[in-house]
Amino acid sequence: MDKQIALGCMRLAKLDINQAERLVKKAVAEGIILFDHADIYGAGKGEEIFGEILNRNPDLRSKIKIQTKCGICKGYYDLSKTHILNQVERSLKALKTDYIDILLLHRPDALIDYQEVDEAFTELYLSGKVREFGVSNMNPYQIELFRKFVKQPIKYNQLQFSLVHSHMINQGIFVNMSEKEAIDHSSGLIEYCMLHDISLQSWSSLMASWSEGSLIDNPNYEPLNEKLEILAKKYQVTKNAIAISWILRHPANITAIIGTTSVKHLQEITKAKKIRLTREEWYSLYLSSGHQLP
Ligand SMILES: NC(=O)c1ccc[n+]([C@@H]2O[C@H](COP(=O)([O-])OP(=O)(O)OC[C@H]3O[C@@H](n4cnc5c(N)ncnc54)[C@H](OP(=O)(O)O)[C@@H]3O)[C@@H](O)[C@H]2O)c1
C-alpha cells in the first residue's frame with residue numbers, strides 16, 4: 001500500500017489567502033490528496049479559506065479528498081443528530097463544496113446516542129453530502145458500539161501519535177509488564193483497527209505537546225534529535241522526514257497528518273514516503289524517545 005501523508009488544516013487560517021493557496025497547491029504537487037479540516041479550526045476560518053482556494057481553482061476539487069470533523073463545542077462535546085447535521089451544512093457552505101469525502105466525529109461524547117448517529121449518517125450518506133465516515137480519539141469499545149448501532153461503516157480513526165506520543169505502540173510492546181509503558185491508554189487500539197480494516201491517522205505527528213512545541217530541535221528531546229540527525233544524514237533528508245517515516249514504517253499503514261504551514265517544511269516532510277527504516281533504525285528511534293525494551 002502507498003505511504004500516505006495528509007495535510008492538516010488546523011493552522012491554515014493563520015495564513016493569508018495567497019499563502020494558503022500556495023501551500024495547498026504545493027501539497028497537491030507533492031502527491032498529497034487528503035486535506036484534514038474540522039468545523040472549529042481557526043473558529044471556522046480554516047474551512048472558509050479552503051473554500052476560497054477551491055473557488056479560485058475549480059479543477060482542484062475532483063483531485064483531492066476533503067475530510068472534516070464535528071462534535072467539539074465550547075465547553076462540551078455534542079454528537080447529537082441535530083448537531084452533526086447542522087455542522088455538516090455549515091462545513092459544506094464554508095468549504096464551497098456539495099460533498100465531504102470523509103466525516104469524522106471529533107471526540108467521544110459521553111452522552112452519545114448511537115441511534116441518533118445512525119440516523120444522521122444515513123441521511124448524510126443518502127443525500128450524497130458525505131461519502132465515508134470515521135471517528136477520532138475513540139477506543140475499540142466505542143467503535144464496537146458504532147458497529148452495533150450505526151449502519152455506515154467506521155473506516156477511519158484519527159489519534160495523537162508520534163515518536164514522543166506512542167501509547168498505541170507501547171502497549172503492544174510491554175504486554176503484562178510493570179513499566180509505565182504497559183499502562184492501558186488505548187485498549188489495543190492499533191491491533192483493533194488493523195483487525196477491522198479501520199485506517200489510522202496520526203495527529204500531531206511532529207508536535208511534542210502544545211506547551212513544548214515541535215519535537216524537532218527541541219532541547220527536551222536531545223537523544224532523539226541526535227538519532228534523527230544521524231538518520232537524516234544517512235537518507236539525505238531532514239529530521240522531520242525521518243520522524244514521519246517512523247510513523248509510516250508501521251505495518252498498520254497509518255496516514256500521517258502533518259500540520260505545517262511552511263512550504264519548505266512540507267517539501268522536506270514528503271520525502272518521508274521514499275524512506276523505509278530498517279527494524280534496527282525504527283527501534284533505535286523508539287528507544288531514544290525515552291523507552292527501554294522489556
Ligand atoms: N483529531 C484531533 O483531535 C486533532 C487534534 C489536533 C490536530 N489534528 C489535526 O492534525 C493536524 C496535524 O497536527 P499538528 O498541527 O499538531 O501538526 P504537526 O505536524 O505535528 O506540527 C506542526 C507544527 O510544528 C511546527 N514545526 C516546527 N518545526 C518544524 C519542522 N522542522 N517541520 C515541520 N513542522 C515543524 C510547524 O510549524 P511550521 O508551520 O512553521 O512548519 C507547525 O506549527 C492538524 O492540522 C489537524 O488537522 C487533529
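Both ligands and their constituent atoms are indexed starting at 1 by order of listing.
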So, do [X] and [Y] sit near enough that their side-chain heavy atoms are less than 4.5 Å apart?
X: R276; Y: E281; value: no
X: L189; Y: L200; value: yes
X: F133; Y: K155; value: no

Between Y283 and W246, is the ring pair (Phe, Tyr, Trp, His ring centres under 6.0 Å) condition met? List the steps. CA-CA 9 Å; Y283 276 97; W246 186 83; 9.4 Å; no

Let me know which protein residues bring a heavy atom to under 4.0 Å of ligand 1; chain then number is fine for ordering.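 Ligand 1 is contacted, at a heavy-atom distance under 4.0 Å, by G8, C9, M10, R11, D36, Y41, K69, H106, S136, N137, Q158, W203, S204, S205, L206, M207, S214, I216, N240, I257, I258, G259, T260, T261, S262, H265, I269.
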
Between H196 and Y192, does the ring centre distance come in under 6.0 Å?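 Aromatic pair counts; centres sit under 6.0 Å.
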
For the residue pair Y41 and H106, does the interplanar ring angle fall in the parallel (under 30°), tilted (30 to 60°) or perpendicular (over 60°) class? perpendicular

